[in-house]
Amino acid sequence: EAVKEYRALFPAGFPDDDLTMEFAQVSAGTPRGFDPALKMLADLVAKNPDGARFKLAHAQLLSTRKPVSAETMRTLKSLADDPSVSKPARDAWRGAALRLDEVESSIQPLREYVEHEPGDSAVKERLEIVERAVAEKKRLAADPAYQAKIEGLALLDKGATEEAEKKLAVAIAKYPKDPELVGGMGLLRLRQGKHAEALELFQAARTADTAGRGKWDSLIRTARYWNLMRES
């Protein structure tokens with residue numbers, strides 16, 4: 001509705017760059033409006049290379065899409081030290097920092113923010129979460145059983161049942177309560193026609209994975225149906 005009002009008020013185009021920026025920021029939130037708005041802001045930055053407000057609007061919009069690029073983080077960091085836009089730039093930089101994914105490349109920009117804003121407990125906590133997640137990923141990458149899980153599930157997706165079973169057996173020996181593994185083994189048994197065993201495995205996966213119960217419930221019904229057919 002706001003976009004319609006803007007266009008009704010200025011049918012021949014916007015009279016100045018400030019209104020153009022304002023319109024872009026509003027229209028970015030509409031369906032199919034993000035990319036055109038991003039281009040409008042990029043054009044404003046090119047037209048006003050010294051305009052901190054336009055740089056901030058452009059970088060802020062870029063930061064709302066994942067993954068947030070290192071260049072966008074650097075731009076927000078530099079604008080946070082510009083007196084003309086420091087407060088909104090710090091807010092945008094903070095929001096972007098909190099949206100960073102749990103990957104190793106996120107650690108340095110988070111540390112830079114915390115160094116700049118040492119009193120921000122929320123970003124400190126996000127940094128700790130990301131550091132723990134990255135450390136855990138590295139630990140798992142060095143774990144043969146975890147690698148067997150990844151390879152086994154990939155083989156299962158490809159339909160390579162025999163090879164998948166070997167890998168999953170190695171992984172499940174170490175991670176017997178991993179719902180993804182237990183459920184994967186259940187799917188394998190289902191494909192092998194071992195419906196009773198598949199049913200038990202799906203039920204175990206459902207118990208271990210409360211968030212994904214809907215998926216397991218569907219597989220439980222399938223295994224129960226074919227098991228009853230076999231018994232009949």
Separation of [Y] [atom2] from [X] [atom1] (nearest 0.5 Å):
X: Phe10; Y: Phe23; atom1: CZ; atom2: CZ; value: 11.0 Å
X: Met73; Y: Ser106; atom1: CE; atom2: OG; value: 8.5 Å
X: Arg126; Y: Glu102; atom1: CZ; atom2: CD; value: 4.5 Å
X: Lys47; Y: Asp43; atom1: NZ; atom2: CG; value: 9.5 Å
X: Glu112; Y: Leu110; atom1: CD; atom2: CG; value: 9.5 Å
X: Arg213; Y: Thr207; atom1: CZ; atom2: OG1; value: 6.5 Å

For [X] and [Y], test the side chains for any donor-to-acceptor distance below 3.5 angstrom and give the result as yes or no.
X: Glu180; Y: Tyr175; result: no
X: Thr30; Y: Ser27; result: no
X: Arg206; Y: Gln203; result: no
X: Ser84; Y: Arg53; result: no
X: Glu165; Y: Gln192; result: yes

Using a 4.5 Å cut-off on heavy atoms from C-beta on, say whether the side chain of [Y] contacts that of [X].
X: Leu168; Y: Leu181; value: yes
X: Asp120; Y: Arg94; value: yes
X: Leu153; Y: Lys149; value: yes
X: Glu162; Y: Leu155; value: no
X: Leu188; Y: Thr161; value: yes
X: Tyr113; Y: Leu127; value: no
X: Pro144; Y: Val170; value: no
X: Leu62; Y: Ser69; value: no

Using a 3.5 Å distance criterion without hydrogens, assess whether the side chain of [X] forms a donor-acceptor pair with backbone atoms of [Y].
X: Ser218; Y: Gly214; answer: no
X: Asn48; Y: Leu44; answer: yes
X: Arg230; Y: Gly193; answer: yes
X: Lys177; Y: Val182; answer: no

Taking [X] first and then [Y], would you say they form a salt bridge - that is, a charged N and a carboxylate O separated by under 4.0 Å?
X: Asp35; Y: Arg65; answer: yes
X: Glu104; Y: Lys137; answer: no
X: Lys174; Y: Asp143; answer: yes
X: Arg221; Y: Asp217; answer: no

Are more than 12 heavy atoms, taken from residues, nucleotides or ligands other than [X], located less than 6.0 Å from that residue's [atom1] atom?
X: Glu231; atom1: CD; result: yes
X: Arg139; atom1: CZ; result: yes
X: Lys4; atom1: NZ; result: no

List the atom of [X], the atom of [Y], and the distance in Å for their closest heavy-atom pair.
X: Val103; Y: Val134; result: C-CG2, 3.5 Å
X: Ala96; Y: Ser63; result: CB-CB, 3.7 Å
X: Val114; Y: Lys124; result: CG1-CG, 3.8 Å
X: Lys167; Y: Gly152; result: CB-CA, 3.5 Å
X: Ala57; Y: Leu41; result: O-CD1, 3.6 Å
X: Ala24; Y: Ala37; result: O-CB, 3.2 Å

Tell me whether [X] shares a hydrophobic cluster with [Y], the cluster being built from Ile, Leu, Val, Met, Phe, Trp, Tyr side chains joined at under 4.5 Å.
X: Tyr146; Y: Met185; result: yes
X: Met21; Y: Tyr6; result: no
X: Phe54; Y: Met40; result: no
X: Ile129; Y: Leu98; result: no
X: Leu61; Y: Leu76; result: no

Between Thr222 and Leu190, is the side-chain contact (heavy atoms from CB on, under 4.5 Å) condition met? List the steps. CA-CA 9 Å; Thr222 300; Leu190 190 65; 4.2 Å; yes

Verdict with reasoning, Leu199 to Trp226, per side-chain contact (heavy atoms from CB on, under 4.5 Å): CA-CA 10 Å; Leu199 178 59; Trp226 287 111; over 6 Å; no

Decide yes or no on side-chain contact (heavy atoms from CB on, under 4.5 Å) for Glu131 and Arg111, but give the supporting numbers first. CA-CA 10 Å; Glu131 287 176 332; Arg111 285 176 177 169; 3.0 Å; yes

Apply side-chain contact (heavy atoms from CB on, under 4.5 Å) to Leu219 and Trp216, showing your working. CA-CA 5 Å; Leu219 288 166; Trp216 303 123; 3.8 Å; yes

